[in-house]
Amino acid sequence: MRNAWRAWQELSGLLLPVACAGCGRPRTELCTACGAALHGAPARLVRPSPRPPGLPAVYAAAPYENAVRAVLLAHKERGALGLAGVLGRALAGCVRAGAGRPGDAGPLLLVPVPSARSSTAARGHDPVRRIAAAAARDLRRAGLPAQVLPLLRQRRAVADQSGLGARQRRANLAGALELTAGGGRLLRHGLPRHELHRHGLSRLGRVILVDDLLTTGSTLAEAARAVGEAGGVGRESSVHGVCWAAVVAASPTAFEINRN
């Protein structure tokens, strides 16, 4: 059923009249101006205030407002799956900003923040994982070894975050994420060679948490905790723990705090 819904979403995007997801301009999925708002500037280091404990460095492509907000919502909530490529390109820029110069630290392992199963079922797709896959393809085309590894899952249900403040969100998400069984083995012990090849890797490398949006930072802090407490930091030479996080957009105030 989910595959049929996804196929209909993709087919309808080809058959129905197209308008820019950012501003509504006709006959284009994303106009030049809205595309520039999304990835026309270099990725920036952002920081919410207050900064939740355990939040790694976060790079974002654009403030979450106006056209950028509309594009993210169109992809996430209205099934505009054709936007995954341009959103992935923006996310890839944020991953590159944190990576610096390519070295011998190993591949870039993009770990998407998981959505609730009910949300994924209702939408018919996992938006963050889809954007992460597009970002990994963009990075590989640029010569950077990258792979998406969905290592995290929700351990328990969480309340709707809408309307919650920073402290309430931290309490709501505390202990909500955990590594999958395979993710725990990977971070603690690495993978045998045949498993590395199955994932398209020659060896393990740097873990980058990826999400579509940063607001209070509570979700990324919880994801970093789940990876760190499972032994991914400092205990396996082939895995460097959570090195940084990358998001497509962040709240405008998170940009303002780091302006200077």
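Given the structure is predicted, the values throughout are model-derived calculations rather than measurements.
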Across all chains, not counting sequence neighbours, the salt bridge (charged side-chain N to carboxylate O under 4.0 Å, His left out) partners of Glu65 are none
Using modelled atom types only, decide if a donor and an acceptor are shared between the side chain of [X] and the backbone of [Y] within a distance under 3.5 Å.
X: Arg47; Y: Arg51; answer: no
X: Arg225; Y: Leu177; answer: yes
X: Arg44; Y: Phe255; answer: yes

[atom2] on [Y] to [atom1] on [X], rounded to 0.5 Å:
X: Glu222; Y: Leu55; atom1: CD; atom2: CG; answer: 12.0 Å
X: Leu209; Y: Leu214; atom1: CG; atom2: CG; answer: 12.0 Å
X: Asp212; Y: Leu87; atom1: CG; atom2: CG; answer: 8.5 Å
X: Leu30; Y: Leu38; atom1: CG; atom2: CG; answer: 7.0 Å

Do [X] and [Y] make a side-chain contact, defined as non-hydrogen atoms from C-beta onward lying under 4.5 Å apart?
X: Val248; Y: Ile131; answer: yes
X: Leu179; Y: Val227; answer: yes
X: Gln147; Y: Arg140; answer: yes

If you compare all heavy atoms of Leu83 against all heavy atoms of Ala21, which two are closest, and at what distance to 0.1 Å? CD1-CB, 3.6 Å
Flag yes if more than 12 heavy atoms outside Arg69 fall under 6.0 Å of its CZ atom; otherwise flag no. no
Using a cut-off of 6.0 Å, state whether more than 12 heavy atoms not belonging to Arg25 lie near its atom CZ. no
Decide yes or no on salt bridge (Lys or Arg N to Asp or Glu O under 4.0 Å) for Asp138 and Arg96, but give the supporting numbers first. CA-CA 11 Å; Asp138 190 274; Arg96 280 193 292 268; 3.2 Å; yes
Check the pair Leu45, Val58 against side-chain contact (heavy atoms from CB on, under 4.5 Å), reporting the backbone distance first and the verdict last. CA-CA 6 Å; Leu45 189 65; Val58 184; 5.7 Å; no
Give every residue pair that meets the ring-ring contact (aromatic ring centres under 6.0 Å, His included) criterion with at least one member in residues 73-93, sequence neighbours excluded. His75-His125
